[in-house]
Each structure stands twice: as C-alpha cells, then as structure tokens.
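Please read all numbers here as calculations on a predicted model, not as lab measurements.
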Amino acid sequence: IVNFGVPSVVCLPVGAAQFTDSTTIADGTASTFKYKWNFGDGGVDSVKNPLHNYTATGTYNVKLSVTSQYGCVKDTTIAMSNIYSQPHVAFTFSDKVCLRDTAKTLSTQFTETGPNSSSLAPAKYFWNFGDGGSDTTASPKHKYVLKGIDTVTYWVISNVGCMSDTAKQTITINPLPTANFVTAAANNYCENRPITFTDKAVDSSITTGVTISKWYWDMGNGTTLTPTGGFNTSFNQYFNAYGVYNVKMAVQNSIGCNSDTLTKAVTVNPQPHPGFILPEICLSDATADFIDTSTIANNNTIPSYLWNFNAA
C-alpha cells in the first residue's frame, strides 16, 4: 500500500517540505523499495524521505511511485496546498526621544498575499530595540537610558508558524539639555543689592536644529521666573534679607527634552547698620572722640570704616 505523509505547513521563502514515506508490503520486503517522487512543480527525487523546497504558493499534486523487488509498481497522489508566502511586516516607532523617556509603538502592519492569507494573523511578536532590550508584546514601549542612534527591529511568527520578514527603523535618543548659570555682584552679594544671574545652559541634542526654548527659575526666596533668553543672557535679582538661598534652574529644549534641575547655593550677606555717638567737646580741645555703635546682623566683624567729618 503506497502512502506518504506531507508537512502540515510549508513556509516561504525557504519553502522546505519534508515528505515521509509510509508504504507497506505484505511480504516484509519494504527495505528493497525503489522510489520515484514527483513534487508537482517539476521537481523529482528518488530517496525514501525527501526534503523538497517550493518557491511559490499554490496547490501541488505530489505523486509517489514505489517499485517492489519483484518489479511491481504502484503509486498514489496527494494534493498539497498548505504553502504560505512569507508575511510582510511594517511599523512606525517614535523616531526621536529624550534620554530616559519612553519610546512608543505608533502602528504595526501585517500583510500576507498568498491564497491562504485570509486565515493568517500574527501570533508571536519579536522586538529588538538596538540597545540590548527586547520585547514580545504587540505594541511595546521602551525606555532608553543611553544617548545615541539605535535601530529598532521587528518581526513576527504567524499563527501557522511562518516567520515574517524583518522591518527596521532608526531612533535617535537625544541627551538632555544641561542647566547652568553663573552669578556676579558689584556690591559683594549684599541684601537689597542687585545680583546678576547669567544663563550658561547648553543643548547637545543629536537631532539637528534643536535649541533651548524654555527656562525655569526658582530663586529660593518665593520668586519664580520663566524668562525668555538664551546663552549668556542675564537678569538681576534682589534679595531682601541676608541668608543662603538655594537657587534652582531647569531648561527645556524645542523637542521637549527637560534638563535635570540644577541647584546652587547663593549666600547673601547682611548690610551693616552704621551708628556712632557724638562727643561733647570744646573748641579748645585737641581731639574729639567719636564712639562707633555700628552693627551687622550676623555679628561679623566690620572690616573697615569711612568717616567724613565735614570739616572746612
């Protein structure tokens, strides 16, 4: 009895089809059989269990002829139509993100154009994010922790076990802008005197054309500012009381990347409060002794004095 098994699924583009002979004969001389296979696409073979590669979908009439040691010939034909074309996939992913932000899958596509396409769908998903990370969900998200340009790779296995082609897209992971500022004061950082703050924030995005577009300041004294400016622009701030103020600055660039918050301690010194006691003197006295009563709020020593006696 001539019979053989056909594969349950054949996936292109490899198209490998393993055929298994199960022919029997009553006298037990099956080991002497001679085989002639015709795979229906012009291909032939003469081994017991051949492996044949198909190159296109369709229905193929596979015929096996078996010759016994006595020259008796019998054959059988099986129609095989379970050949599937390779699925094609496509996707769109965030093309640029900020460092430590989450990149998202925006869309995916799955197409199969063979005669069996109506029954096919993705069953398993495979993502490689180019930084060592991977995922097996349909629409993943991924957080990048290193700046650079990576390639996202995507492929699937269909519900009949065929692997798709591979889709790729590059993604730019932009470093965060860096907040920075310097201070200067013509009056030695004293209360009620102007202190100049100069922007030194920089952006080093990989994506071209990106600039710092927003500035956020917390002066540590209840004042918050959102000035427009740029590198090396300055403004003055007054502090009405002495002390140490933790001034905070953060910036955002034109693609929405936010810097870490920079905090710098600015020490504001108290103003001295001058005072003195007038002496009682006579015109004939040789000298007049003025007694200083000046104070400074933090009890620091007053280092120098300037007296003007308005004497003619």
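Between K214 and V251 the shortest side-chain heavy-atom distance does not fall below 4.5 Å. Taking the side chain as every heavy atom from C-beta outward, D95 and Q169 approach each other to under 4.5 Å. Using a 4.5 Å heavy-atom threshold, the side chains of L120 and F110 count as touching. When side chains are defined from C-beta on, I173 counts as touching D150, because their heavy atoms get closer than 4.5 Å. Taking the side chain as every heavy atom from C-beta outward, T108 and Y125 never approach each other to under 4.5 Å. Here the side chains of N192 and N240 are in contact, with some heavy-atom distance below 4.5 Å. Taking the side chain as every heavy atom from C-beta outward, H52 and D45 never approach each other to under 4.5 Å. Put simply, the side chain of T20 does not reach to within 4.5 Å of the side chain of F4, judged on heavy atoms.
A donor-acceptor pair under 3.5 Å is absent between the side-chain atoms of S65 and the main chain of D75, judged by distance alone. With T59 contributing its side chain and S81 its backbone, the two residues share no donor-acceptor pair below 3.5 Å. Looking at Q18, its side chain does come within 3.5 Å of a backbone N or O of N49 through a donor-acceptor pair. Here the side chain of N188 pairs no donor or acceptor atom with the backbone of C190 at under 3.5 angstrom. Of the possible donor and acceptor atoms, none in the side chain of N159 sits under 3.5 Å from a partner among the backbone N and O of A123. Without hydrogens or angle criteria, S254 side chain to S213 main chain gives no donor-acceptor distance under 3.5 Å. T151 places no side-chain N or O within donor-acceptor distance of the main-chain N or O of G130, the cut-off being under 3.5 Å.
Nearest heavy-atom pair, A103 versus I171, reported as atom, atom and distance to 0.1 Å: CB-CD1, 3.7 Å. For T233 against G230, the heavy-atom pair with the smallest separation is OG1-O, 2.6 Å. Heavy-atom minimum distance, L176 versus S259: CB-CA, 4.5 Å. Of all the heavy atoms in T102 and K143, the pair that sits closest is OG1-CE, 3.8 Å. Taking both residues in full, the closest heavy atoms of P274 and S294 are given as CA-OG, 3.2 Å, listed atom of the first, atom of the second, then distance. Heavy-atom minimum distance, G43 versus D41: N-OD1, 3.0 Å.
Between atom CG of residue L64 and atom CZ of residue F33 there is a gap of 10.0 Å, rounded to the nearest 0.5 Å. Atom-to-atom distance recorded for I212:CD1 and D199:CG is 6.5 Å, nearest 0.5 angstrom. The NE2 atom of H88 sits 12.5 Å away from the CD atom of Q109 when rounded to the nearest 0.5 Å. Atom-to-atom distance recorded for N236:CG and F197:CZ is 9.0 Å, nearest 0.5 angstrom. For the atom pair CD1 of I78 and NZ of K63, the computed distance is 13.5 Å after rounding to the nearest 0.5 Å. In this structure, N61 CG and M80 CE are separated by 10.0 Å, a value rounded to the nearest 0.5 Å.
A donor and an acceptor atom, one from each side chain of Y144 and D131, are nowhere located under 3.5 Å apart. For Y35 and D21, the side-chain atoms include at least one donor-acceptor pair closer than 3.5 Å. Using a 3.5 Å distance cut-off with no hydrogens or angles, the side chains of N174 and K147 do not pair a donor with an acceptor. Under 3.5 Å, the side chains of N221 and T223 contain a donor-acceptor pair of N or O atoms. Counting only N and O atoms by type, the side chains of N3 and T23 include no donor and acceptor under 3.5 Å apart. There is no side-chain donor-acceptor pair under 3.5 Å between K168 and N128.
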* CA sep, side-chain torsions, deciding dist, call: S205, D203, side-chain hydrogen bond (donor to acceptor under 3.5 Å, both in side chains) -> CA-CA 6 Å; S205 295; D203 186 86; 2.8 Å; yes

* To do: Would you check, one step at a time, whether the test side-chain contact (heavy atoms from CB on, under 4.5 Å) holds for V89 with D165?
  => CA-CA 7 Å; V89 293; D165 59 0; 3.5 Å; yes

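For the pair K264 and F181, the cation sits on the ring face: its NZ or CZ lies under 6.0 Å from the ring centre, inside 45° of the axis.
Note on ring orientation: taking the six-membered ring where Trp is involved, the planes of Y60 and Y54 are tilted (angle from 30° to 60°).
Residues V152 and M163 are members of separate hydrophobic clusters, defined by side-chain heavy-atom contacts under 4.5 angstrom among Ile, Leu, Val, Met, Phe, Trp and Tyr. Under the 4.5 Å side-chain heavy-atom criterion for ILVMFWY residues, no single connected hydrophobic cluster contains both I255 and Y216.
Partner H142 forms a ring pair (Phe, Tyr, Trp, His ring centres under 6.0 Å) with one of W127, F93, F129 and no other, that one being F129. Between F126 and the choices Y154, W155, F91, the ring pair (Phe, Tyr, Trp, His ring centres under 6.0 Å) rule is met once, by W155. Exactly one of P13, S158, C162 qualifies for a side chain to side chain contact (heavy atoms under 4.5 Å, CB included) with Q86. That residue is P13.
Every salt bridge (charged side-chain N to carboxylate O under 4.0 Å, His left out) that D260 has, sequence neighbours left out, goes to R100. Partners of W37 by side-chain hydrogen bond (donor to acceptor under 3.5 Å, both in side chains), not counting sequence neighbours: none found.
By the neighbour-count criterion of 12 heavy atoms within 6.0 Å, atom NZ of K48 is densely surrounded, having more than that number from other residues, nucleotides or ligands. Around atom CG of L278, more than 12 heavy atoms belonging to other residues, nucleotides or ligands sit under 6.0 Å away.
Applying the disulfide (SG to SG under 2.5 Å) test to residues at least two apart or on different chains, the pairs with a partner in residues 45-140 are C98-C257.
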